[in-house]
Structure formats: C-alpha cells, structure tokens
Student: 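Pasting in a structure now, in structure tokens, and then I'll have a few things to ask.
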Amino acid sequence: MGIIAKKIEIDFTDEKISSSAGSFFLSQMADRLGLPEMLGEVIRLKSRQRGASDVEMMLSLIYCLAQGDGKIHDVDRLGGDDSRRQLLDLETVPGHRRLGEYLRRFGIRSCNRLDKVARALARQVAPSVIEHEIAEKGYLPVFVDGSGIEVSGRCFEGAGELYDGSDGYWLHGVFVGRLWVEQRLWPGGVDVAHGWKDQLKKTAELIGPDKPVWARMDNAYYNGEVVKFCESQGWDYSISVTNKTYKKPLHRKREQLTYRDWKPINKKRTEWAALIYHCPSGWGRKRPYLVIRKDWDGRQKRMFPTYVYILLSRADLPLAELARRHRGKQGQENAFKGPLIELDLHHPPCRRFNANRAFYTAGQIAQMLLVAIQYQLLPETARKHGIRTIIRDLVRTAGKLVRHARKWKLLFAKSALKLDWIAHAADRIESMAHAPP
C-alpha cells in the first residue's frame with residue numbers, strides 16, 4: 001500500500017518569528033523585580049564601554065538558563081534570534097567567547113555581590129510562595145541539601161573528591177517550598193554539610209518570625225548544632241538517620257517495643273510506625289524518633305522487615321502525619337533536581353572556580369524568575385507544576401512580532417497548549433503596568 005507524501009516547499013521569510021516568544025514574560029518579570037537595576041549597581045567588571053554591557057552579559061546568561069539552555073554556546077542561539085532578543089529588551093547579546101571571558105573576571109568580591117542580588121530577588125519572590133505553602137499545607141516546608149557537581153578532566157580549579165570518589169564541586173542549597181532561596185558552590189573535598197549555618201541564618205531572616213516552619217533534611221545534617229539552631233528559631237524539623245553507626249542505639253531501642261506500640265500508617269497496613277526516645281551523646285536531652293517498619297515490597301512480603309528512622313522535633317501529631325510530612329522531602333529533592341536538570345546545570349562550563357560560582361548564582365536567579373512567573377503571572381492551578389512545564393509550555397511557546405499602528409504586537413497561535421496561561425499572564429502584566437506604585 002503506497003503512501004504519497006504531501007509536497008511541501010521550503011522557503012524563508014523576513015517576518016519576526018521566534019520559537020521562544022514566551023521569553024517576553026521573563027523580561028517583564030525581571031523588570032518588575034528590578035533585576036537589571038540591581039545587576040547594574042553591583043556588577044562592574046567591564047573597563048571598556050563597547051559591546052554588551054555588564055547587565056546585558058548577565059541577563060543574556062540568566063535568560064538562556066531560564067529556558068533550559070545551560071551551555072555557554074547557547075548564548076549564540078539567543079544572539080541569532082533577533083525577535084527573541086527584542087522581546088527580552090537586549091540591545092546587544094555577547095558571543096559565547098566574550099561571555100566565557102567575562103565570567104573569568106569574577107572574583108570572590110564580585111561573586112559575593114552577585115549573591116546579594118540573588119538574595120534581594122528572593123526577598124521579593126518568597127512572600128507569595130510562603131503564603132501559598134502555609135495556606136495549602138498548614139506549615140512552611142524548608143529543605144536543606146547538597147549535591148555533588150561532577151567535572152570532566154583535571155583542569156577545573158578547586159575540584160576535589162566527592163562522596164563517591166569522583167572529582168567535582170559541592171553545590172549546597174536551601175529551598176522554601178519550591179523556591180531556591182540560598183545556594184553556594186564550594187570546592188570539592190569539603191564536608192557534605194559545609195556552610196549550613198550561614199545559609200540557614202539567611203533563610204531564617206528571609207522567612208521572618210512566627211512562621212510554622214518544618215525543616216526537612218537528610219543524614220548529612222544529623223548534628224546536634226543543626227538541631228539546636230532549628231529549636232532556637234522555633235522551627236519544627238525531621239531528619240533522616242541512615243548512618244549505620246548512628247542507627248545502632250536506635251536499633252536497641254526499637255527491639256524493646258511490643259506489638260502494641262506499632263500503629264499502621266497506611267490503609268493497606270503494609271507499613272507500621274512507632275515512637276522511640278533517644279539522647280545522642282552531647283545533645284543534652286532525649287528527642288523523639290519515628291520508626292517505620294516495612295513488611296511488604298509491593299505485593300511481595302519481605303522475609304525480614306526493614307526499618308527507617310527519622311529524628312523529630314515533636315511527637316504530638318498522628319504517626320501517619322509525621323511520616324507524610326517528612327516524606328514530602330522527596331518533592332523538594334525533586335525541586336533541587338529541577339534546576340540541575342531542567343536548567344542544564346549539571347556540568348560547570350568554566351575552568352575557574354569563581355567563574356563557575358557566578359554561573360550557578362545566575363542559575364539560581366533564573367529559577368527564581370520562573371517561580372515568580374508561576375506565582376505572580378499564572379493562574380493558581382499552574383502552581384502544582386514544576387519549572388519544566390513552565391519552560392516548555394510558556395517560555396518556549398512560538399510567537400510572531402508584528403508592527404501595526406506604530407506599536408509592536410506579539411501574536412501567539414490559538415493552538416498553543418496553555419493558551420489560558422498566556423492570556424492570564426498577559427492580563428496580569430497589563431494590570432501590573434497600571435497598578436499604583
């Protein structure tokens with residue numbers, strides 16, 4: 001049975017069409033938050049007034065990362081898309097060589113200044129995220145974690161051994177809800193939880209007092225100082241205990257439990273939980289631990305049950321609720337994987353350490369721009385999605401720029417999947433433009 005293909009001729013047009021017309025919302029949100037002005041005030045690395053300015057250098061990188069282009073070479077794609085460049089309000093876009101040379105100029109002081117821009121941006125975006133999380137969950141989830149960033153080759157400045165023996169950097173971050181409020185790139189070879197106190201202090205300042213915070217962490221933060229800090233801030237917390245040495249006294253406590261101490265925490269009764277109390281050496285007093293016993297692996301019953309231990313700040317909630325709150329950590333772990341995967345941040349592009357540190361701070365700013373769009377421009381139903389959906393269905397939506405009656409107009413196809421998002425975002429931008437200062 002023969003299939004006759006349609007005859008389609010290929011030709012070219014001078015019309016202003018972009019495959020990333022949704023970039024317009026990125027530039028509008030950046031202007032709304034004052035990002036160009038903040039960058040202009042603190043970043044001054046160029047000595048000659050030619051080519052792309054400091055602000056255009058950084059914005060070009062941030063906008064590329066915000067649509068998932070995590071390679072330095074991807075800035076050439078932005079420079080070749082005149083329509084997208086116009087939508088982003090960039091007069092000049094650097095080539096990838098110029099951008100790479102520019103990142104090499106970053107030192108410790110300029111990286112710290114860029115960190116201040118990221119924190120100033122977080123202070124503007126965080127309130128809507130905090131309000132939403134407390135209204136939806138009844139508490140504010142805070143997640144602290146570190147991720148190893150692998151490098152290829154031996155010429156990366158500051159690269160050292162990671163936990164698995166490979167060479168790379170440590171990227172430590174704090175998430176409030178899905179917002180990446182704190183990040184710091186560290187050289188390889190440092191402790192897995194290095195710098196946690198400074199990051200949590202800045203996070204506490206951002207959140208403010210009297211918020212029902214629930215901090216969730218893994219075994220790297222099973223530390224008496226971390227616990228004392230959370231208690232001093234009035235935060236609730238839950239910390240996974242997976243180290244074999246730390247689990248030995250917990251095993252002994254668990255063996256003293258009777259069958260009446262175990263309560264089912266799911267309807268299928270495949271998981272049971274109980275509370276034990278233990279005081280690690282030097283911690284001053286006993287604290288509760290949730291023990292979860294798993295008897296089944298899917299439909300297959302285990303020959304021997306497995307046990308999970310979770311340090312808790314409180315034991316006055318139902319056991320199922322305590323387990324559910326801590327397991328919400330997995331969702332925030334995915335929020336950390338989101339920037340690394342969706343913004344293509346897994347591989348540092350530069351040989352110099354401070355250049356890579358500036359690159360990852362730009363990635364944090366890009367993530368906050370996307371979250372700001374999600375919470376301030378899109379309908380509330382969009383808040384259940386990750387940033388991948390925001391990039392794919394909003395930022396990377398095709399559009400056409402036309403000039404009519406001395407005005408520019410951006411046209412989107414009516415066949416766009418998230419047409420309601422585009423219309424809602426356009427209405428929000430219009431209302432913000434006419435809102436009183």
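Only heavy atoms go into these numbers, but all of them, side chains included; no hydrogens, no water, no symmetry mates. From a predicted model like this one, the values you see are computed outputs, not experimental measurements.
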Student: Just checking R44: does its CZ atom have more than 12 heavy atoms from other residues, nucleotides or ligands closer to it than 6.0 angstrom?
Tutor: no
Student: Quick check against the 3.5 Å criterion: does E157 have a side-chain atom that pairs as donor or acceptor with the backbone of F353?
Tutor: yes
Student: State, to 0.1 Å, how close V75 and S60 come at their nearest heavy-atom pair, and which atoms those are.
Tutor: CG2-CB, 4.0 Å
Student: Looking at every non-hydrogen atom in both residues, tell me the closest pair between V42 and R113 and how far apart they are.
Tutor: O-CD, 3.1 Å
Student: One pair to check against side chain to side chain contact (heavy atoms under 4.5 Å, CB included): V55 and L35. What are the steps and the verdict?
Tutor: CA-CA 9 Å; V55 174; L35 178 59; over 6 Å; no
Student: Would you say D31 and S27 are linked by a side-chain donor-acceptor pair, where the criterion is simply a distance under 3.5 Å?
Tutor: no
Student: What heavy-atom pair brings I149 and P348 nearest, and what distance separates the two atoms?
Tutor: CG2-CD, 3.4 Å
Student: Give the intermediate values and the outcome of side-chain hydrogen bond (donor to acceptor under 3.5 Å, both in side chains) for residues D295 and T270.
Tutor: CA-CA 6 Å; D295 295 325; T270 57; over 6 Å; no
Student: Heavy atoms, side chains only, cut-off 4.5 Å: are R216 and P141 in contact?
Tutor: yes
Student: Indicate yes or no: at least one non-hydrogen side-chain atom of F25 is less than 4.5 angstrom from one of L377.
Tutor: yes
Student: Between N356 and C350 (side chain of the first, backbone of the second, donor and acceptor by atom type, cut-off under 3.5 Å), is there such a pair?
Tutor: yes
Student: Using the rule given for side chain to side chain contact (heavy atoms under 4.5 Å, CB included), can you reason through K46 versus S53, listing the C-alpha separation, both sets of side-chain angles and the distance that settles it, and then say yes or no?
Tutor: CA-CA 7 Å; K46 292 197 66 177; S53 64; 5.5 Å; no
Student: Go through the steps to decide whether E205 and K211 satisfy the test salt bridge (Lys or Arg N to Asp or Glu O under 4.0 Å), and finish with yes or no.
Tutor: CA-CA 11 Å; E205 292 172 1; K211 298 289 194 309; over 6 Å; no
Student: When rounded to the nearest 0.5 angstrom, what is the spacing between CG in L185 and SG in C111?
Tutor: 9.0 Å
Student: Going by an N to O cut-off under 4.0 Å, is there a salt bridge joining D115 and R357?
Tutor: yes
Student: Evaluate side chain to side chain contact (heavy atoms under 4.5 Å, CB included) for D69 paired with Y63, printing each intermediate quantity in order.
Tutor: CA-CA 9 Å; D69 295 333; Y63 290 149; over 6 Å; no
Student: Are the side chain of D236 and the backbone N or O of R314 linked by a donor-acceptor pair below 3.5 Å?
Tutor: no
Student: Is the number of heavy atoms from other residues, nucleotides or ligands under 6.0 Å of D316 CG greater than 12?
Tutor: yes
Student: Please name the pair of heavy atoms, one in E150 and one in H347, separated by the smallest distance, quoted to 0.1 Å.
Tutor: O-ND1, 4.1 Å
Student: Regarding R325 and E321, does a basic nitrogen lie under 4.0 Å from an acidic carboxylate oxygen?
Tutor: yes
Student: Kindly say whether T258 contributes a backbone atom to a donor-acceptor pair with the side chain of D261 at under 3.5 angstrom?
Tutor: yes
Student: Write down the atom of G386, the atom of R178, and the distance for their closest heavy-atom approach.
Tutor: CA-NH1, 3.6 Å
Student: Looking just at side-chain N and O atoms, do R254 and Y309 make a donor-acceptor pair shorter than 3.5 Å?
Tutor: yes
Student: Is it the case that more than 12 heavy atoms not belonging to E37 sit under 6.0 Å from its CD atom?
Tutor: yes
Student: Any heavy-atom pair between the side chains of V129 and E133 that's under 4.5 Å?
Tutor: yes
Student: With rounding to the nearest 0.5 angstrom, report the NE2 to CG distance, H385 to D393.
Tutor: 8.0 Å
Student: Give me the ring orientation class for W186 and H172: parallel if the planes are under 30° apart, tilted from 30 to 60°, perpendicular past 60°.
Tutor: tilted
Student: Would you say D74's side chain and L78's backbone share a donor-acceptor pair under 3.5 angstrom?
Tutor: no
Student: Check the pair W272 / K294 against side chain to side chain contact (heavy atoms under 4.5 Å, CB included), numbers first and verdict last.
Tutor: CA-CA 7 Å; W272 298 70; K294 297 183 178 181; over 6 Å; no
Student: Donor-acceptor pair, E182 side chain versus K202 backbone, under 3.5 Å?
Tutor: no
Student: Going by atom types alone, do E225 and N223 pair a side-chain donor with an acceptor below 3.5 Å?
Tutor: no
Student: Regarding W214 and S238, do their side chains bring together a donor and an acceptor under 3.5 Å, going by distance alone?
Tutor: yes
Student: For I108, is there any backbone N or O sitting under 3.5 Å from a side-chain donor or acceptor partner on N112?
Tutor: yes
Student: Kindly check if the number of other-residue, nucleotide or ligand heavy atoms within 6.0 Å of CZ (R388) is above 12?
Tutor: no
Student: With a 4.5 Å cut-off on side-chain heavy atoms, are T203 and V144 touching?
Tutor: no
Student: Looking at E255, I want to see if its CD is surrounded by more than 12 non-hydrogen atoms of other residues, nucleotides or ligands under 6.0 Å.
Tutor: yes
Student: Please find out if less than 6.0 Å separates the ring center of W170 from that of Y360.
Tutor: no
Student: Could you verify whether a donor N or O on one side chain and an acceptor N or O on the other, from Y237 and E231, lie under 3.5 Å apart?
Tutor: yes
Student: Under a 4.5 Å cut-off applied to non-hydrogen side-chain atoms, are F143 and K329 in contact?
Tutor: yes
Student: Taking atom NZ of K286 as the centre, does the number of heavy atoms from other residues, nucleotides or ligands within less than 6.0 Å exceed 12?
Tutor: no
Student: Can you tell me how far the CD1 atom of I62 sits from the CD atom of Q364, to the nearest 0.5 Å?
Tutor: 10.5 Å
Student: Which heavy atom of T397 sits nearest a heavy atom of A416, and at what distance?
Tutor: CG2-CB, 4.2 Å
Student: Quick one: are I239 and I310 in side-chain contact, heavy atoms under 4.5 Å?
Tutor: no
Student: Name the residue from R97, R98, R105 that meets the salt bridge (charged side-chain N to carboxylate O under 4.0 Å, His left out) definition with E101.
Tutor: R98
Student: Measuring from Y221:OH to C230:SG, what's the distance to the nearest 0.5 Å?
Tutor: 11.5 Å
Student: Hey, are D81 and S20 close enough side-chain-wise for a donor-acceptor pair under 3.5 Å?
Tutor: no
Student: Hey, what do you get for CZ (F24) to CG (L88), rounding to the nearest 0.5 Å?
Tutor: 10.0 Å
Student: Are Y289 and Y277 close enough that their ring centers fall under 6.0 Å?
Tutor: no
Student: In Å, rounded to the nearest 0.5 Å, how long is the span from CZ of F359 to CG of L99?
Tutor: 9.0 Å
Student: Could you tell me if the side chain of V125 sits less than 4.5 Å from the side chain of L369, heavy atoms only?
Tutor: no
Student: Tell me whether the centres of the aromatic rings in H278 and W283 are closer together than 6.0 Å.
Tutor: no
Student: For Q300, does its backbone N or O pair with a side-chain atom of D297 as donor and acceptor, under 3.5 Å?
Tutor: no
Student: Within 45 degrees of the axis of the six-membered ring of Y307 and under 6.0 Å from its centre: does R293 put its NZ or CZ there?
Tutor: no
Student: So with a 6.0 Å cut-off around CG of D218, is the heavy-atom count from everything else above 12?
Tutor: yes
Student: For the residue pair N219 / S240, report whether a side-chain donor-acceptor contact shorter than 3.5 Å exists.
Tutor: no
Student: Check for a donor-acceptor pair, side chain of E56 on one end and backbone N or O of T92 on the other, with a separation under 3.5 Å.
Tutor: yes
Student: Taking C-beta and beyond as the side chain, do I390 and V371 meet within less than 4.5 Å on heavy atoms?
Tutor: no
Student: Donor-acceptor pair, distance only, cut-off 3.5 Å: does the side chain of Q199 make one with the backbone of V181?
Tutor: no
